[in-house]
Structure formats: C-alpha cells, structure tokens
There are 2 protein chains.
Amino acid sequence: MQNAHGQVFLADCPTRLAVEIIAEKWAVIVLFALSLEPRRPGDLAGLIGGISGKVLTQTLRRLQAYGLVERQAYAEAPPRVEYRLTELGATLIKPITALTDWARENGEAIVDFQENHRPARP
Amino acid sequence: MQNAHGQVFLADCPTRLAVEIIAEKWAVIVLFALSLEPRRPGDLAGLIGGISGKVLTQTLRRLQAYGLVERQAYAEAPPRVEYRLTELGATLIKPITALTDWARENGEAIVDFQENHRPARP
DNA sequence: CAGTATCCATTTCGATACTG
DNA sequence: CAGTATCGAAATGGATACTG
C-alpha cells in the first residue's frame, strides 16, 4: 500500500484492523481470560476484576461481531450463558501471549523508568 | 495474583500495563513505523497517513514517558528532530510483529465474517 | 444470572490557528 | 519544521436501576 508520494505505508490496513480490535481497555484481557476454557459472564467478571457488567457485555458483543467469540445460551432457569473463542479467535491467542510475555519481562523496567523520570522536581 | 475469592487473575498487572500502552489508536502504528529507522515527525506523519500533528506529538510524548521512544533534537534552522526506539522500545517490536502478522493472515477472514453477519436484513 | 437502559464524567481525537 | 493552544465532537467507560 502506498501513499500519495509513493511511499509504503508501514501501517497498512490489516495492522489498523488489529489495532482496532485490541485497542480497547478490556478486549485483550477478555480474550486472554477465554483462552483456557469457555466461561460465563459472571465468572469472567470475577476473574478479571474491575469491569462492570455493562462494559463486559459491550466488549463481548464487539468480539462477537468480529467473529472472535461465540455465545451459547442454555434454556435454563436461572439463565446460563457461556462464551468461548471461535476458531478464528483462538488464532489471536498466540500474538496476545507474545504481548503478555513481553509485559511480564519488561513491565518492571517501564515502571522504573517512569519513577526516575517524574514530570518535575521541587 | 489472586482476587477476593482466591482465584487467579488471568489479567495480571503486567498485562494491564501492556494494554495501557498499546490501547491507543496510534501507539502501535508509530512504534511499528519507528522499528526500521529513526524518523522525523513529518516523515512519520506522511508514512502513517491520517494522523494530525497534534496527536502524533501526543503519542510520541507518551511513548517517551514509558521509556520506549527517544527524542533527539538538532540545533539547526529549520529545526530538525528525530525519534527513535530505545533499547526497551525495541523489545516491543517482536510482539507487535506477531500481531501485525496475525492481522495479515486473518484480516480478510474477519472482514468476511462482518459482511456475512450484518446487523439486520430488510 | 444475564442483559438492557440511562445518565454522566473522562478521555481521545480532529481541525485550525499560531509561535519559535 | 516542530510544537503548542484552543475548541468542539465523539468514543469510551463507570455507576445505578431495572427487566426477563
């Protein structure tokens, strides 16, 4: 892909799609939480922590729209619902794991940097 | 890490830091654009396309604050500035590449899914 | 329990004009 | 050219109450 000056876009379309998918506060975390096994919304919320029911539903709906997550409802009372990764969604776990591994290895270095480069000192 | 019920947080702290870093519209794209060589802001904007000067500066400032990007100014007229990845920033390229590779391989499948699952049909 | 409907605070982004 | 300052639009997230 090229821009008006004939240069290659480093940020081509697929990359932007990937960013669009993961650049949400909870998307990566939810996908990660679903990577081991199907889970119910309540379990997801408890497992993740700090996410409201509304936002969890929103996130799941969007991941569904991308075809990354499937919803399965059981006809029971009280209602029971399970979410699981689709085959396509499962392919995202590898790159996500690469990212979380990176975070585990380098997270401390970033926090250290931030603490040693505070905005201003009195 | 555990929550109040003794369950393991799948989304532990480092993961959230990683999300915080990349969950911005342009952060991943800018890092990717800087992965090959140092670049000037104008070049970055042209290469990326669709990003305003203000937002580009914002993004670079935040990446600087994380210690992922370095700014080098030359005392010239007109002013010349270059941004480059730090050593720490360079370590992020591998997981980002995993993500962009995934996007290239699976982007089409997602677009297809979206087109075959439109909201409603008349 | 799962999900929706409101309402609201905050963040993020974009366009423009302007300075050194 | 690089960067800042504003202003406004839009997206995003959070808290709460409510329905089946």
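Atom set for the values below is all heavy atoms of this structure, side chains included, hydrogens, waters and symmetry mates excluded. These figures come from a predicted structure and were not determined experimentally. Proteins come first, then strands; the chains are lettered A, B, ... in the order of their sequence lines, and each starts at number 1.
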Does a side-chain N or O of [X] approach OP1 or OP2 of [N] to a distance below 4.0 Å, or not?
| X | N | value |
| --- | --- | --- |
| Tyr83(A) | dC1(C) | no |
| Lys25(B) | dG14(C) | yes |
| Arg40(A) | dA2(C) | yes |
| Arg71(A) | dA2(C) | no |

Rounding to a whole Å, what distance do you find between [X]:[atom1] and [N]:[atom2]?
| X | N | atom1 | atom2 | value |
| --- | --- | --- | --- | --- |
| Trp26(A) | dG13(D) | CH2 | C1' | 10 Å |
| Leu44(A) | dA2(C) | CG | C1' | 12 Å |
| Glu76(B) | dA2(D) | CD | P | 11 Å |
| Gln58(A) | dG3(C) | CD | C1' | 12 Å |
| Arg61(A) | dT4(C) | CZ | C1' | 10 Å |

Nearest to the [X] side chain among [options], which nucleotide is it?
| X | options | answer |
| --- | --- | --- |
| Thr57(A) | dG3(D), dC1(C), dT4(C) | dT4(C) |
| Pro78(A) | dC1(C), dG14(C), dA2(C) | dC1(C) |
| Lys54(A) | dG3(D), dA2(C), dC7(C) | dC7(C) |
| Val55(B) | dG13(D), dC13(C), dT4(D) | dC13(C) |

### Message
At 4.0 Å (heavy atoms only), tell me whether Pro41(A) reaches a base, stays on the sugar-phosphate, or touches nothing.
### Response
sugar-phosphate
